[in-house]
J.: 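Structure below; questions to follow.
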Amino acid sequence: MAAIGNRGTVTEAAGFDPEADAQRLRGAMKGTGTDEKVVIEVLAHRTVAQRQRIKEAFKQAVGKDLADELSSELSGNFRAVVLGLLMLAPVYDAYELRNAMKGAGTEEACLVDILASRTNPEIKTITAVFKKEYGKGLEDTVCGDTSGMFQRVLVSLLTAGRDEGDKVDAAQAAIDAKEIFEAGEARWGTDEVKFLTVLCVRNRNHLMRVFEDYQKISGRDIEDSIKREMSGCLEDVFLAIVKCMRNKPAFFAEKLYKSMKGLGTTDSVLIRIVVARAEIDMLDIKAEFLKKYGKTLPSFIKGDTSGDYRKILLELVGGE
């Protein structure tokens, strides 16, 4: 019942007793109102695997679904965090993707964040879960909700066909860099398919070499060229792929910063990243956040949120 990653702020609770936790949660919801403090104490300090066992124990003892009970007791962003915590990682990703494409309009940022940052096995599992939960293929749903080159990049990522080895073919990297340059900076208009072929297919180490070679040929960083050559969602997804290849925790740190910077907060992004990464690499995300912005992630969360929502996020990111 191991934790998901080894750089998380949420780790396995020692002396874990799912039955006792289930009873505490039941007590927290008895009578009028809910004791949110207990909900935070229990759920923010258990791993996803431990929370599944609490759900089982709760159902056994009470004959009701824990997520349903909490859903009817809580509201707003606090509820969104709690319900996210009760889901297995691929279930949460599938749920977020479906929400992003439900109804009118699409939250493209969610599609980009998830599909550009997950590994092949993760994407395969998400795809299977999506089909099982929602009765429709994820690729079909994406195709029904997006269009053009942006759609083609997402479909390519959904095939989960990226080379995940670590071999670098120096000759091929030089060709890849040259082809991207000739498809973008060196011509009028952009041949986006070349970018797709390289960025969605090659392994991480190989791409690092491609980016180096690209800089030599073009005198520019690949990210700058993408910004010059593309716009909108297509620019976002290609940049996300490059950033995730270079440094995934830094990618998430930047997303968190942007979700809280300026007026208002993009709570959907803040919640999604904190819930999804708390057990994987939140320690690294916090370090990157501090390095890049000179402020701690908890101090940003404190300044941008309030109430129980703020409390549970702070517990999940592990304080200062």
Side-chain angles (χ1 to χ4, degrees), residues 1-5 8-100 102 122 125-126 128-136 267-268 270-280 282 305-319:
M1 209 180 70
I4 300 174
T9 38
V10 173
T11 53
E12 285 190 352
F16 173 60
D17 180 346
E19 285 76 23
D21 282 346
Q23 288 306 332
R24 280 190 72 196
L25 289 169
R26 187 188 177 192
M29 293 185 278
K30 261 198 179 139
T32 49
T34 309
D35 188 345
E36 285 88 356
K37 188 165 175 273
V38 171
V39 175
I40 295 169
E41 274 171 16
V42 175
L43 297 181
H45 297 281
R46 306 290 182 271
T47 60
V48 174
Q50 289 179 327
R51 292 182 210 122
Q52 300 312 303
R53 289 187 50 196
I54 296 169
K55 277 165 72 176
E56 282 163 30
F58 189 91
K59 196 170 245 180
Q60 226 169 359
V62 186
K64 286 181 173 176
D65 184 83
L66 177 59
D68 291 347
E69 291 297 286
L70 285 165
S71 183
S72 64
E73 293 278 332
L74 310 173
S75 63
N77 290 322
F78 180 60
R79 175 171 71 182
V81 175
V82 168
L83 295 181
L85 292 175
L86 290 172
M87 296 179 205
L88 288 165
V91 176
Y92 183 58
D93 280 344
Y95 168 81
E96 285 288 295
L97 288 167
R98 176 163 180 264
N99 276 355
K102 225 169 56 180
E122 285 169 343
T125 312
I126 293 164
V129 167
F130 193 95
K131 179 90 176 160
K132 183 169 156 266
E133 296 278 327
Y134 306 114
K136 193 177 175 192
D267 294 295
S268 58
L270 177 56
I271 293 168
R272 183 166 58 241
I273 296 174
V274 171
V275 170
R277 308 311 292 188
E279 209 177 310
I280 301 173
M282 188 53 75
T305 56
S306 59
D308 295 311
Y309 174 45
R310 173 202 276 165
K311 284 177 195 157
I312 197 163
L313 288 178
L314 288 174
E315 291 298 317
L316 289 169
V317 302

J.: In terms of heavy-atom contacts, does OH of Tyr95 have more than 12 from other residues, nucleotides or ligands at under 6.0 Å?
T.: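 Check fails, neighbour count at 12 or below.
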
J.: May I ask you to test the Leu70-Leu43 pair for a side-chain heavy-atom distance under 4.5 Å?
T.: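 The answer is yes; the side chains approach within 4.5 Å.
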
J.: Of the non-hydrogen atoms in Thr34 and Glu73, which two are nearest, and what is the gap between them?
T.: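 Reported closest heavy-atom pair: OG1-OE1, 2.6 Å.
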
J.: Would you give the length of the straight line joining atom NE2 of His45 to atom CZ of Arg51, rounded to the nearest 0.5 angstrom?
T.: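 Rounded to the nearest 0.5 Å, the NE2-CZ separation comes out at 10.0 Å.
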
J.: So, the side chain of Arg46 versus the backbone of Ala13: is there a donor-acceptor pair under 3.5 Å, distance only?
T.: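 Flag not set: sc Arg46 to bb Ala13 has no pair under 3.5 Å.
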
J.: Give me the atom names and distance for the closest heavy-atom approach of Val48 to Glu279.
T.: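 Closest approach of Val48 to Glu279, heavy atoms only: N-OE1, 2.8 Å.
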
J.: Give a yes or no on whether a salt bridge exists between Lys37 and Glu41, defined as a side-chain N under 4.0 angstrom from a carboxylate O.
T.: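 Yes.
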
J.: Answer yes or no: is there a side-chain heavy-atom contact under 4.5 Å between Tyr309 and Asp267?
T.: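 Result yes, sub-4.5 Å side-chain heavy-atom pair found.
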
J.: Rounded to the nearest 0.5 Å, what separates atom CG in Leu313 from atom CD1 in Ile273?
T.: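 Answer rounded to 0.5 Å: 11.5 Å.
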
J.: Measure from the side-chain N and O atoms of Gln23 to the backbone N and O of Phe58, and report whether any donor-acceptor pair falls under 3.5 Å.
T.: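 Not at all, since once roles are kept as given, no pair shorter than 3.5 Å links the two residues.
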
J.: Give me the atom names and distance for the closest heavy-atom approach of Glu69 to Lys64.
T.: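 Result for this residue pair: OE2-CD, 3.3 Å.
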
J.: Heavy atoms only: give me the nearest Glu36-Asp308 pair and the separation to one decimal.
T.: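 Minimum heavy-atom contact is CG-OD2, 3.4 Å.
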
J.: Using the side-chain contact (heavy atoms from CB on, under 4.5 Å) rule, pick out the option among Leu25, Asp21, Leu66 that qualifies with Lys55.
T.: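 That would be Leu66.
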
J.: Between Arg98 and Glu133 (salt bridge meaning N to carboxylate O under 4.0 Å), is one present in this structure?
T.: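 Result for this pair is no, no salt bridge flagged.
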
J.: Using modelled atom types and a 3.5 Å cut-off, is there a donor and acceptor pairing between side-chain atoms of Thr9 and backbone atoms of Leu316?
T.: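 Yes; at least one donor-acceptor contact below 3.5 Å.
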
J.: Nearest 0.5 Å, please: how far is CD in Gln52 from CD1 in Ile54?
T.: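 One finds 9.5 Å between CD1 of Ile54 and CD of Gln52.
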
J.: Using a 4.5 Å cut-off on heavy atoms from C-beta on, say whether the side chain of Lys102 contacts that of Asn99.
T.: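 Yes; the side chains approach each other to less than 4.5 Å.
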
J.: To the nearest 0.5 Å, tell me how far Met87 CE sits from Asp93 CG.
T.: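 One finds 10.5 Å between CE of Met87 and CG of Asp93.
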
J.: Less than 4.5 Å apart, any side-chain heavy atom of Val81 and any of Val274?
T.: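 The answer is no; the side chains never approach within 4.5 Å.
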
J.: Kindly give the heavy-atom pair with the smallest separation between Ala44 and Ile312, and that separation in Å.
T.: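 Shortest heavy-atom contact: CB-CG1, 4.2 Å.
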
J.: Where do Leu85 and Val10 land on the side-chain contact (heavy atoms from CB on, under 4.5 Å) test, with the steps shown first?
T.: CA-CA 11 Å; Leu85 292 175; Val10 173; over 6 Å; no

J.: Under the side-chain contact (heavy atoms from CB on, under 4.5 Å) test against Phe78, which residue among Leu83, Thr305, Ile40 passes?
T.: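 Going through the options one by one, the only one that passes is Ile40.
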
J.: Could you tell me which non-hydrogen atom of Val129 sits nearest to which non-hydrogen atom of Ala94, and how far apart they are?
T.: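 Between these two residues, the closest heavy atoms are CG1-CB, 3.9 Å.
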
J.: Please tell me if the side chains of Arg79 and Ser71 come closer than 4.5 Å, counting only heavy atoms from C-beta onward.
T.: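 Yes, their side chains come closer than 4.5 Å.
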
